[in-house]
Structure formats: structure tokens, C-alpha cells
Amino acid sequence: MEPVKKTPFYQTHVNLGANMAAFGGYEMPLWYKTGAKQEHLAVIEQAGLFDTSHMALLTIEGKDAFALLQRSFSRDLLRCLGKEHQPLAAGRCAYGVFLLKNGTVLDDAIVYKIHDSMFMLVVNASMGEKVAAHLATYAMDVHIIDYTDRLVKLDVQGRATGKVLQQLLADPAAALDQFVYFSYRGCFEPGKANPAVFTKGGTEILLSRTGYTGEFGVEIFVQPEKALALWQEIMECGAPFGLIPCGLAARDSLRAGAMLPLSHQDIGDWIFGNTPWDFVLPTDENGSFTKEFVGDSAVINEKDKRFTYGFAGFDPRKILPGETSFVADLEGNRIGRILTCTTDMAIHRKGDEIISLIDMGEEEKTTIKGLSCGFVLVDREVEIGQRVSLVSGRRAVEVEIRKEIRPSRTAGMALSKFIALK
Amino acid sequence: MKELDELILPDDIRYSADHEWARIEDEFAYIGISDFAQDQLGDIVFVDMPEVGDSFDQGDEFGSLESVKAVSEMYMPLSGEVVEINEDLSESPELLNADPYENWIIKIRMEDLEDYDQLLDAEAYLESLEE
């Protein structure tokens, strides 16, 4: 086995009293002294700072860069932006998956367009080499560089992010102008950006309006030697707005409540399709694919269809994924397995509805206990609103199949909702 | 995460290798989880408790604790019958994080007082954690 790696923030995490664990080949913080619950709530109400340097990063440059991605990536790069189906433009990025020929998922990724013949890819921890090797098999005229160890990433997530950025950035008005969801500013390579983005402390960054919590926020890429200074600067700018460091446990519960999949857990080595994430497939209004890409026929021709659904429980009780647990219909028939089961600490049931902490009165907030939520993979179609049972040994928890889990999410909201723009 | 020397391990109670503790009072025993257990689990969001009248043997699973990330079973440090459960924990499971000793989980009528002598004292429990 490969040795467990450390991010540049390892000592920072330890000094903050983090509960550390290996994840994706890196020693990462699960939670800090504040605890995962407060961290989850901080992102809903204020903001959280996440070390996500374990994520891998590739650049693809060359004459065939666009053709390679159009052939290998699930999104149609000619029509993946917005309701108007615009092509991916420089300064914008798109989320999708890389499928293998057999229709199973190699990994999910965000593809950033730098210019017509250059793209940057963010893939999952320890997946950089594998995705690069996969793309190399297409034998096209491109140059692929694994940038993973040359950049680190910090995410600031939560509705206070806009205010934190106003304090952090040297020229916030310029950097935040038209800064829409799935766009970015700056460059992964210092000195190459036009215009570049600097912090007040003089650190050059790539600022991306993306994230993995379902809440308004950014992902910030920086060179490893500037990493600690940037952490410090973000903490200082963020503290007045309630920003706290957050670990992977809060990241997991936030993303599950936001209906976001974890690669190799909710999507993986089974055929992709019939998931809450089918929007990453290049499907037009008539249900046909708008381009040919690797894995497409396997997805279309799948015979033994399986279905992935989000679910939410009625209290915080969980049944964890594993060999001893399964999903059953209410007659007790085994119909599938649990992919993710965690507790979204910021939601609560009120009659038939789920409401978010952010929409509650101060008094009501104190009663919130959270709801279990996650994803199941089952062998039949189940209607939204139906109940299924998660079972492990003597324990069983009834949950509701849902299209959405945590309401009032902020990820895609206009920046003007959070800060006054000049 | 707490360093071992930061753990609070009162010496008027005894511990099991499964990180439960027991405090005896006449023929009764209060049962809870150790500071180590609550620190490892992180924020506890739900306590699944047995019912009054349930009987368990030493080592039996008697309930579970759910943190944000994990579900952990609790095992009986002693044999006996449940005579009371700590109702406060249904409303406020986080009390176990705040003070795992003040906040016991169940009270049992012990079957065999000698069971208690087999449990670890604070020093032996700490040693078992150091291994």
C-alpha cells in the first residue's frame, strides 16, 4: 500500500485538535474541536473553510484537447452552459463524469476551459493518475500534466462567503463582477492569468465559484508554498463573519443533503443511468444524446436497469452502507443496497415537508435534530414519496424516497443576494 | 481529538474494553460510555436505548449510538435487567458529548455482583487505550 500523504495543512489541523483519518490516500480532518454538527450548521448559517487539497488536478493541452474531452466526458461541451445550452466558454467550468466503454463510472470531474486548446480537470483524490492514464489511451494530440502536487485547494462555503471574499481579495469589485455559478477567475499557473486574482496579502489564486456543499461558495487553488499564508488570511477575514474550519464529516453530510454524489460510493463501477444526476448526460428534449461519447451505448442499452434515489429519514437514525445492510420494500423484500447514509443536521420535518434551519425562527432552531439522508441503489423503479426500509440485523429505519432533501440551498443563487455589488 | 492524557477517567467507576463504564449503587448499576468513546464518535445525534424490563448478559448489545458519521453498538459491561433509561438523552443526545459520566444511559439491576470485579479500573482502562 502507498504511504498516506499529508496536505500542507496537516499540522494546522492537528494544532486545531482535529480528529484525523485517512481518506483518498491523504491524512484528512474529519472534524475539529467544534464537532461536525457545528461545522455543518456554520456552512448553512455563516461559512466554513475546508482543506480539499486531496483532490487531484490535471491539465490537458493541445490541438485535440477539446475533441478528447468531447469524446470522453459525459457533458456536451458545445451545449452545457445554462438554459440556453451555450458552449463551454473560457472562464467557465462544467461538472460531469468520465465513463468507461462498459458504461461504468471512472470518476466525476469539473472541467475548466482555459482556452480553446487548454482545459483543467479537477478529479477525486488519488484519481489523477488513473484519469490521465485513461485519457492517454485515446492516443490524441494532447499533453496531459498531473498538477496535483503543484496546487492545493481550500474551499470557502456558506452564505457569508461573499463577505469573506470582499475582505480577502485585493480587488473584489473586479474579481466578483459577473461571477456566476460555475465560473472562475485567475489561472492555475501564477503569472499566466489575465487578469490575475490576488488576495490583499499578495497571494495569487484561482478563484472558482463551485463547491460540494450545495451552499454558496468558492474553491480556491493556490501554490503549496503559499498555502499556509492563505489559510491564515482566510481565517482572519472570515472570523468576523462566523467562518470556522470544517472537516470531511461536515462536507459529507452537507453534500448528501444537497443531493450531490460521492464518486466511488454513489456512482462507480456499475452502469451509470437512472440517477438523480442524469443531467450530466448530453440528453436533448427528445431524450436522445446530442453527441457520441465513450460509454454512451452501454448506458442506452442497459438491460437490467438499476435506479439510484435520494432519501430522507424521519429522525437522525441511520443504517450504514455495508455488506450486512440492505434496502427493503415495505413488504420486506430485499430490493437493493445503501450507497450513502449520513445525517443532515440542518433539516427537520414539519408535517409532510422538510424545512431547513435557515428558514426557522430562533426558538425553533434549538429543537432541530437533523434527519438521516443519502442514496440507495435499487433494482426497480420507486416513486418519489414512497417509503423504503433500510435494514441491518435487528435494526430497521424507514425512509422516504426524495427528489430533493435540504431545501433553500444557496449554491446557485446570485451573488447580489449575499453582498452589495458596486 | 483528545490526547490520552486529556481524557477524563474517573476512578470511582469501572470500564469495559468496549468503552462502556459502570457505577454500582447497592444491587443496581448505572451504565454509560467513556470520554474516549464520546471523543472518538464525535457529535452524538441519536441514542437508541433498550426498554425497561429488557434483560441482557454481559457483552450483549443493548443499544446503539449514532454520530454524524457512524453508528456504534453499545455492549453490556454487566449482566442484568434494565430498570430505568435516561430519558433526557432522547431529547438531548449531545449530553453524552458534554459529560459522558454525569449522563448515564441505563440503570440495571445486576445479576451477579462479581461481574463488576472483572471490569477495568481507570488505570487499567487507560493502559488498554495506550496499546
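So that the names make sense, note that chain A is the first sequence line, chain B the second, and so on, each numbered from 1. Hydrogens, waters and symmetry mates are skipped; everything else that's a heavy atom, side chains included, is used.
Of the listed residues E91(B), K2(B), E94(B), the one with more heavy-atom pairs under 4.5 angstrom with chain A than any other is E91(B).
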Query raised in the report: Given the rule in the side-chain contact (heavy atoms from CB on, under 4.5 Å) test, do M345(A) and V45(B) qualify, once you have shown the distances and angles that lead to the verdict?
Result: CA-CA 9 Å; M345(A) 302 305 309; V45(B) 299; 3.5 Å; yes
Query raised in the report: For R395(A) and D48(B), what are the C-alpha separation, side-chain angles and deciding distance, and is it a side-chain contact (heavy atoms from CB on, under 4.5 Å)?
Result: CA-CA 10 Å; R395(A) 300 178 66 237; D48(B) 197 11; 4.0 Å; yes
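Other residues, nucleotides and ligands contribute at most 12 non-hydrogen atoms within 6.0 Å of the NZ atom of K6(A). In E25(B), the CD atom is not crowded: 12 or fewer heavy atoms of neighbouring residues, nucleotides or ligands sit closer than 6.0 Å. The local environment of CG in N15(A) is crowded, with over 12 non-hydrogen atoms from other residues, nucleotides or ligands closer than 6.0 Å. In E363(A), the CD atom is not crowded: 12 or fewer heavy atoms of neighbouring residues, nucleotides or ligands sit closer than 6.0 Å.
Between D43(B) and A36(A), the shortest heavy-atom contact is OD2-N, 3.1 Å.
Looking at A18(A), the atoms closer than 4.5 Å to chain B (heavy atoms on both sides) all sit in the backbone: N, CA, C or O. Interface residue S67(B): only backbone heavy atoms are found under 4.5 Å from chain A. Interface residue Q40(B): only backbone heavy atoms are found under 4.5 Å from chain A. For chain B, the nearby parts of T342(A) are the backbone and the side chain; heavy atoms of each come within less than 4.5 Å. For L41(B), the part lying under 4.5 angstrom from a heavy atom of chain A is the backbone only.
Proximity to chain B among residues 310-325 of chain A is limited to D315(A), P316(A), R317(A), K318(A), L320(A), judged by heavy-atom separations below 4.5 angstrom.
Qualifying side-chain contact (heavy atoms from CB on, under 4.5 Å) partners for Q58(B), counting only residues two or more places apart in sequence or in other chains: S79(B), D115(B), Q118(B), L119(B).
Atom CG in D39(B) sits 6.5 Å away from atom CG in N19(A) (nearest 0.5 Å).
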